[in-house]
J.: 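For reference, the structure I am asking about is given below.
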There are 2 protein chains.
Amino acid sequence: MKDIAPKLIGLLKGGYCTPQLGRLGRTLREPVTTLQYNVKKLEREGVVHSYKAVFDYKKINEGHCTYLLINLEPSKYGEPEEVSQKIAKNPSVESVDVITGDYEIIVKLRCKDIDEYYAFVKQAIKQYGISKVISLTSLKQVKTEFVNCDN
Amino acid sequence: MKDIAPKLIGLLKGGYCTPQLGRLGRTLREPVTTLQYNVKKLEREGVVHSYKAVFDYKKINEGHCTYLLINLEPSKYGEPEEVSQKIAKNPSVESVDVITGDYEIIVKLRCKDIDEYYAFVKQAIKQYGISKVISLTSLKQVKTEFVNCDN
DNA sequence: GTTATTAATTGAATATTGTTCAATAAGGTC
DNA sequence: GACCTTATTGAACAATATTCAATTAATAAC
């Protein structure tokens with residue numbers, strides 16, 4: 001066998017998708033050429049960043065979801081963006097934000113299991129100047145990427 | 001004019017997209033029929049939930065991003081999922097998780113501005129049995145939906 | 001290990017969908 | 001109003017996806 005699925009999932013995760021003009025046209029009762037024009041405009045203006053697949057993350061070994069509230073070491077405190085960008089490079093990281101309040105950074109992490117999660121946190125504390133991490137582990141993912149998770 | 005963009009954005013936010021088999025085929029050097037088969041299988045198995053657009057949220061009036069850490073009133077404490085599902089219905093809500101730790105629910109919210117955010121929080125506290133909300137406001141969105149935000 | 005059964009791969013034909021292009025209309029500017 | 005830019009649209013064309021049937025690979029049964 002070829003086991004194409006993993007490669008497919010990898011590509012569909014961040015692109016390799018496109019809007020369905022025909023279906024949009026039927027729904028909005030507009031000619032496809034009009035929608036074509038409007039879609040291209042949105043792309044040109046940078047309003048649409050990309051088209052991608054949304055997964056049932058449990059089924060692609062990313063079922064363990066954690067929010068990390070991060071404090072930086074004094075030496076890194078002035079540059080939360082730099083640290084954020086480094087963290088963002090990790091493919092298990094769904095989102096990174098520099099935030100107000102008691103913590104500097106919030107990370108949404110998707111791992112296979114608690115072991116992978118623990119490996120990430122250990123490595124993160126070592127590599128980026130992190131002084132403290134509070135982990136909020138998801139017990140139930142109700143909505144993700146604007147999509148309601150059924151079951 | 002018709003001002004189709006808002007309708008288009010609404011539909012592309014949660015679907016109306018499809019994988020590009022041809023492009024995938026060229027990249028993976030596989031016949032489209034093989035990929036077709038594999039994609040359909042992933043869909044059938046529920047691995048892929050949907051295909052959607054990712055936006056530059058500032059450009060669609062959802063630039064104000066906040067994480068809400070929520071505590072429930074004693075009367076609702078036993079049913080965080082029910083409350084979560086109600087919160088999830090709001091289209092400004094990107095994600096909802098029931099979590100471990102000092103809070104019961106974490107919500108990722110995307111609003112136009114702080115006024116819209118405040119309106120959401122006021123309404124949420126009234127409607128769902130919420131006793132306390134801590135808001136972590138995003139100062140800089142570095143990565144979103146697995147996509148690195150440039151600039 | 002051979003046979004039966006199911007799952008996966010593929011090419012060729014077909015159907016569907018998207019793209020280009022040129023005409024027209026609408027909106028804005030002076 | 002004259003001009004220029006932006007938006008809408010249909011018809012012809014190009015590209016892409018889908019179906020289907022044949023073949024191969026994997027799995028199960030005996």
Side-chain angles (χ1 to χ4, degrees), chain A residues 1-63 91 112 145-147 150-151, chain B residues 1-63 91 112 145-147 150-151:
Chain A
M1 273 315 76
K2 287 196 170 178
D3 206 19
I4 288 166
K7 297 173 195 167
L8 215 43
I9 290 167
L11 293 178
L12 292 174
K13 215 177 240 178
Y16 286 90
C17 296
T18 193
Q20 299 178 287
L21 298 175
R23 199 148 79 86
L24 287 163
R26 262 169 268 133
T27 302
L28 298 177
R29 296 172 182 285
E30 298 287 352
V32 278
T33 36
T34 304
L35 296 176
Q36 164 95 316
Y37 177 85
N38 278 275
V39 165
K40 288 292 169 227
K41 187 163 171 272
L42 291 176
E43 293 173 0
R44 191 162 11 98
E45 290 168 345
V47 175
V48 173
H49 187 287
S50 53
Y51 306 95
K52 55 157 279 184
V54 178
F55 297 92
D56 181 334
Y57 290 98
K58 284 184 197 168
K59 292 182 177 165
I60 60 168
N61 276 340
E62 300 185 22
K112 184 188 177 185
E145 293 172 282
F146 292 104
V147 174
D150 20 30
N151 89 81
Chain B
M1 274 314 81
K2 287 195 169 180
D3 205 19
I4 288 166
K7 297 173 197 167
L8 213 43
I9 290 167
L11 294 178
L12 293 175
K13 216 178 240 177
Y16 286 90
C17 295
T18 192
Q20 299 178 287
L21 297 176
R23 198 147 81 87
L24 287 163
R26 261 169 267 133
T27 301
L28 297 177
R29 296 172 181 285
E30 298 287 349
V32 278
T33 36
T34 303
L35 296 175
Q36 164 95 315
Y37 177 86
N38 277 275
V39 165
K40 287 292 168 228
K41 186 163 171 269
L42 290 176
E43 293 173 358
R44 191 161 12 97
E45 290 167 345
V47 176
V48 173
H49 188 288
S50 53
Y51 307 95
K52 56 157 280 187
V54 178
F55 298 92
D56 181 335
Y57 290 98
K58 283 185 196 164
K59 291 182 177 165
I60 60 169
N61 276 340
E62 300 185 22
K112 184 187 176 187
E145 294 172 282
F146 293 103
V147 175
D150 21 30
N151 89 81

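The figures that follow rest on heavy atoms only: side chains count, while hydrogens, waters and symmetry mates do not. Order of the sequence lines sets the chain letters (A, B, ...), proteins ahead of strands, with each chain counted from 1.
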J.: Counting only side-chain N and O atoms of A:Lys41, is one of them less than 4.0 Å from OP1 or OP2 of D:dA7?
T.: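 For A:Lys41, the contact criterion (side-chain N or O under 4.0 Å from OP1 or OP2 of D:dA7) is met.
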J.: Separation of A:Glu30 atom CD from D:dA7 atom P, in whole Å?
T.: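 To the nearest whole Å, that distance equals 14 Å.
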J.: Measure CD/A:Gln20 against C1'/C:dT16 and give the value in whole Å, please.
T.: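 To the nearest whole Å, that distance equals 12 Å.
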J.: From the list D:dT9, D:dT19, C:dT20, which nucleotide is the closest neighbour of the side chain of B:Gln36?
T.: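 Nearest nucleotide to the side chain: D:dT19.
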J.: When we call it a touch if two heavy atoms are under 4.0 Å apart, what does B:Arg23 touch: a base, just sugar-phosphate, or nothing?
T.: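 Nothing, no nucleic acid heavy atom in range.
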J.: Inspect the contact between A:Lys52 and B:Glu145 and indicate whether a charged nitrogen and a carboxylate oxygen are less than 4.0 angstrom apart.
T.: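 No, no charged N to carboxylate O under 4.0 Å.
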J.: When the distance from CG of B:Leu42 to P of C:dA7 is rounded to whole Å, what number comes out?
T.: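 B:Leu42 atom CG is separated from C:dA7 atom P by 16 Å.
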J.: Is it true that a side-chain atom of A:Lys2 and a backbone atom of B:Thr34 form a donor plus acceptor pair closer than 3.5 Å?
T.: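 Here the side-chain-to-backbone pair does not exist.
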J.: Counting just side-chain N and O atoms, does B:Arg26 come under 4.0 Å of either OP1 or OP2 of D:dT16?
T.: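 Looking at the OP1 and OP2 atoms of D:dT16, one of them is under 4.0 Å from a side-chain N or O of B:Arg26.
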J.: Please report the distance, rounded to the nearest Å, between CG in B:Asn38 and C1' in D:dA25.
T.: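 To the nearest whole Å, that distance equals 14 Å.
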J.: Answer whether the closest heavy-atom distance between the side chains of A:Val39 and B:Leu8 falls below 4.5 Å.
T.: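 Counting from C-beta outward, A:Val39 and B:Leu8 do come under 4.5 Å.
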J.: Measuring from the side chain of B:Thr33 (C-beta onward, heavy atoms only), which nucleotide among D:dG10, C:dA12, D:dT8 has the closest atom?
T.: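 Nearest listed nucleotide: C:dA12.
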J.: Considering only side-chain heavy atoms of B:Thr34, which listed nucleotide, D:dT9, C:dT10, D:dT18, is closest?
T.: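 When the side chain of B:Thr34 is considered, C:dT10 is the closest of D:dT9, C:dT10, D:dT18.
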J.: Just compare C:dT9, D:dT9, C:dG11 and give me whichever is closest to any side-chain atom of B:Lys2.
T.: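 Nearest nucleotide to the side chain: D:dT9.
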J.: Mind calculating the distance between OH (A:Tyr37) and P (D:dA7) to the nearest angstrom?
T.: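 Distance, rounded to whole Å: 4 Å.
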J.: Report yes if some heavy atom in the side chain of B:Ile60 is under 4.5 Å from a heavy atom in the side chain of B:Lys13; otherwise report no.
T.: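 Answer yes - side chains close enough.
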J.: For DNA chain C, whose closest nucleotide is more 5', that of A:Gly22 or that of A:Asp3?
T.: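 So the residue in question is A:Asp3.
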J.: Would you mind telling me which residue lines up with the more 5' stretch of DNA chain D, A:Thr18 or A:Leu35, judged by nearest nucleotide?
T.: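 It is A:Leu35 whose nearest nucleotide is closer to the 5' end.
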J.: Between A:Glu43 and A:Tyr51, do the side chains contain a donor N or O and an acceptor N or O under 3.5 Å apart?
T.: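 Checked: A:Tyr51/A:Glu43 side chains pair up, N/O donor to acceptor below 3.5 Å.
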J.: How long is the line joining NZ of B:Lys40 and C1' of C:dT9, in whole Å?
T.: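 Result: 17 Å.
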J.: Whole-Å distance between D:dT8 C1' and A:Arg29 CZ?
T.: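 After rounding, the reported distance stands at 18 Å.
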J.: What integer distance in Å separates A:Leu21:CG from D:dT8:C1'?
T.: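 Those two atoms, CG and C1', are 15 Å apart.
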